[in-house]
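Here's the structure, in structure tokens; my notes come after.
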Amino acid sequence: MNITQLKQSLFKRATIFETGGSRPTEELGESWIGNVMWGSGENKSPQFEPICTIFLKNLPYVPKELKNIQLITVYMDFNVYNHLIEDNLASFFKINCFTNINEIQKINEQSSRMKSFPLKPILVENDTPAWDSGDIEPEIQDEILRLELESDIEYYDDIVENIYPMHKVGGYPSYTQSGVSYGEDYPFVFQISSDAKAQFNIVDSGSFYFFYNQDKQDWIVYCDFY
């Protein structure tokens with residue numbers, strides 16, 4: 001395989017989000033960080049802070065596992081930072097999925113620990129895995145190593161165009177430890193990342209990664225940082 005073929009094999013589509021930069025509308029369909037703008041209004045647990053609103057319906061790309069979901073809202077228990085070595089952090093999150101936006105209402109629940117901003121979705125076609133993430137198939141990795149030896153190329157210089165370490169739906173986790181995988185039953189579907197504008201720092205510029213089993217409607221949440 002040559003470099004072009006390797007890129008074609010590796011690159012994935014994703015929707016990344018730009019924080020702020022436009023006047024908020026607070027209209028149905030607008031995604032947010034630091035605010036659960038729409039939902040059922042049934043969050044009665046004070047330890048869970050509103051983190052984000054992600055409207056999937058009109059995004060330029062959504063992974064197939066989320067195609068039947070129109071809105072995801074996320075609340076987080078900040079006590080999660082005392083449990084980051086655990087395999088699954090899902091118990092520290094309330095992840096609400098809505099398949100019918102006619103059943104939701106405007107609730108405007110703002111986080112007391114973050115600044116809230118609307119999120120602008122942007123389609124990317126070239127999301128690429130980190131080298132040691134375990135997201136590269138062994139045969140592809142072998143081809144990259146061969147080219148590095150024979151043609152003096154370097155993965156991050158010659159193949160990777162971008163790794164997107166921001167709020168994202170689809171694509172790859174931007175950084176995970178080698179060997180972190182939950183199998184085909186729990187594919188990666190989105191991430192919430194450290195965000196300077198929203199004053200949200202996950203340990204050391206890290207992210208929370210969300211893996212979803214569509215059949216069980218079950219989540220695994222993992223945290224990693226640089």
Side-chain angles (χ1 to χ4, degrees), residues 17-20 24-57 59 65-66 68-121 165-169 173 182 186 188-214 216-225:
F17 293 95
E18 180 182 286
T19 301
T25 67
E26 298 189 7
E27 292 178 353
L28 196 67
E30 185 175 60
S31 297
W32 283 78
I33 185 70
N35 192 325
V36 172
M37 184 65 70
W38 298 83
S40 63
E42 295 178 356
N43 179 48
K44 303 298 182 183
S45 303
Q47 76 270 25
F48 285 93
E49 282 272 327
I51 296 298
C52 68
T53 305
I54 304 175
F55 274 100
L56 301 173
K57 183 179 179 182
L59 293 186
E65 292 83 8
L66 301 179
N68 66 327
I69 300 172
Q70 296 194 15
L71 167 66
I72 295 176
T73 64
V74 181
Y75 297 79
M76 187 179 84
D77 179 353
F78 274 72
N79 192 42
V80 67
Y81 292 120
N82 297 319
H83 298 267
L84 295 182
I85 62 171
E86 296 181 13
D87 292 335
N88 185 5
L89 303 173
S91 63
F92 296 94
F93 291 83
K94 290 187 67 176
I95 307 162
N96 303 313
C97 300
F98 301 90
T99 58
N100 185 355
I101 58 175
N102 293 324
E103 298 175 353
I104 65 173
Q105 58 183 311
K106 191 172 186 179
I107 56 178
N108 196 8
E109 295 181 352
Q110 297 192 32
S111 171
S112 62
R113 297 171 181 251
M114 303 164 60
K115 285 190 172 182
S116 61
F117 289 92
L119 295 173
K120 177 184 176 182
M166 66 259 289
H167 316 305
K168 172 169 58 178
V169 173
Y182 302 103
Y186 284 87
F188 167 75
V189 289
F190 75 93
Q191 71 186 43
I192 299 170
S193 298
S194 296
D195 189 321
K197 280 189 177 180
Q199 298 183 358
F200 184 50
N201 183 45
I202 302 169
V203 185
D204 186 12
S205 301
S207 297
F208 289 108
Y209 303 102
F210 295 78
F211 303 79
Y212 183 58
N213 184 303
Q214 186 178 19
K216 297 180 180 178
Q217 298 183 16
D218 184 42
W219 294 89
I220 292 175
V221 182
Y222 171 76
C223 179
D224 220 328
F225 43 90

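All figures in this text were calculated on a predicted structure; none of them were measured in a lab.
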State, with a plain yes or no, whether a side-chain heavy atom of [X] is found less than 4.5 Å away from one of [Y].
X	Y	answer
N88	F211	no
F190	I72	yes
H167	I33	yes
L28	I104	yes
C223	V80	no
T19	L119	yes
I95	Y212	no

Between [X] and [Y] (side chain of the first, backbone of the second, donor and acceptor by atom type, cut-off under 3.5 Å), is there such a pair?
X	Y	answer
Q105	W38	no
S111	R113	yes
S116	G34	no
E30	T25	yes
N108	M37	no
T53	T73	no

Quiz prompt | D87 atom CG, neighbour heavy-atom count above 12 within 6.0 Å | solution =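 No, because the 6.0 Å sphere around CG of D87 holds 12 heavy atoms or fewer from other groups.
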Quiz item: Run the side-chain hydrogen bond (donor to acceptor under 3.5 Å, both in side chains) check on S112 and E49 step by step: do they pass?
Solution: CA-CA 8 Å; S112 62; E49 282 272 327; 2.7 Å; yes
Nearest 0.5 Å, please: how far is [atom2] in [Y] from [atom1] in [X]?
X	Y	atom1	atom2	value
Q110	W32	CD	CH2	7.0 Å
Q47	K94	CD	NZ	8.5 Å
Q191	K168	CD	NZ	4.5 Å

Quiz item: Taking only residues two or more places apart in sequence or in another chain, which ones pass salt bridge (charged side-chain N to carboxylate O under 4.0 Å, His left out) with K106?
Solution: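 Salt bridge (charged side-chain N to carboxylate O under 4.0 Å, His left out) check on K106 returns E26.
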Exercise. Just jot down the side chain to side chain contact (heavy atoms under 4.5 Å, CB included) partners of Q199, sequence neighbours excluded, or say none.
Key: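 Only K115 meet the side chain to side chain contact (heavy atoms under 4.5 Å, CB included) criterion with Q199.
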Exercise. Applying side chain to side chain contact (heavy atoms under 4.5 Å, CB included), name anything that partners D204, two or more places apart in sequence or on another chain.
Key: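 Per chain and number, D204 pairs via side chain to side chain contact (heavy atoms under 4.5 Å, CB included) with F225.
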Quiz item: Could you walk me through whether I101 and K57 pass the side chain to side chain contact (heavy atoms under 4.5 Å, CB included) check?
Solution: CA-CA 9 Å; I101 58 175; K57 183 179 179 182; 4.3 Å; yes
Minimum-distance pair of heavy atoms, taken over all atoms of [X] and [Y]:
X	Y	answer
V36	C52	CG2-O, 3.7 Å
M76	F200	CE-CE1, 4.0 Å
I192	I202	O-CD1, 3.5 Å
N96	F98	CB-CE1, 3.8 Å
L89	H83	CD2-O, 3.1 Å
S31	F55	OG-N, 3.0 Å

Quiz prompt | Test side chain to side chain contact (heavy atoms under 4.5 Å, CB included) applied to F92 and N82, step by step | solution = CA-CA 11 Å; F92 296 94; N82 297 319; over 6 Å; no
Exercise. Can you spot which of Y222, F210, F48 makes a ring pair (Phe, Tyr, Trp, His ring centres under 6.0 Å) with F93?
Key: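 Of the listed residues Y222, F210, F48, the ring pair (Phe, Tyr, Trp, His ring centres under 6.0 Å) partner of F93 is F210.
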Practice problem: Check the pair K216, Y186 against side chain to side chain contact (heavy atoms under 4.5 Å, CB included), reporting the backbone distance first and the verdict last. | Solution: CA-CA 10 Å; K216 297 180 180 178; Y186 284 87; 3.9 Å; yes
Exercise. Measure up the F208 and Y81 rings against each other and bin them: parallel (under 30°), tilted (30 to 60°), perpendicular (over 60°).
Key: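 Rings of F208 and Y81: tilted, 30 to 60°.
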Practice problem: Under the side-chain hydrogen bond (donor to acceptor under 3.5 Å, both in side chains) rule, what do N100 and N102 come out as? Steps first, then yes or no, please. | Solution: CA-CA 5 Å; N100 185 355; N102 293 324; 3.3 Å; yes
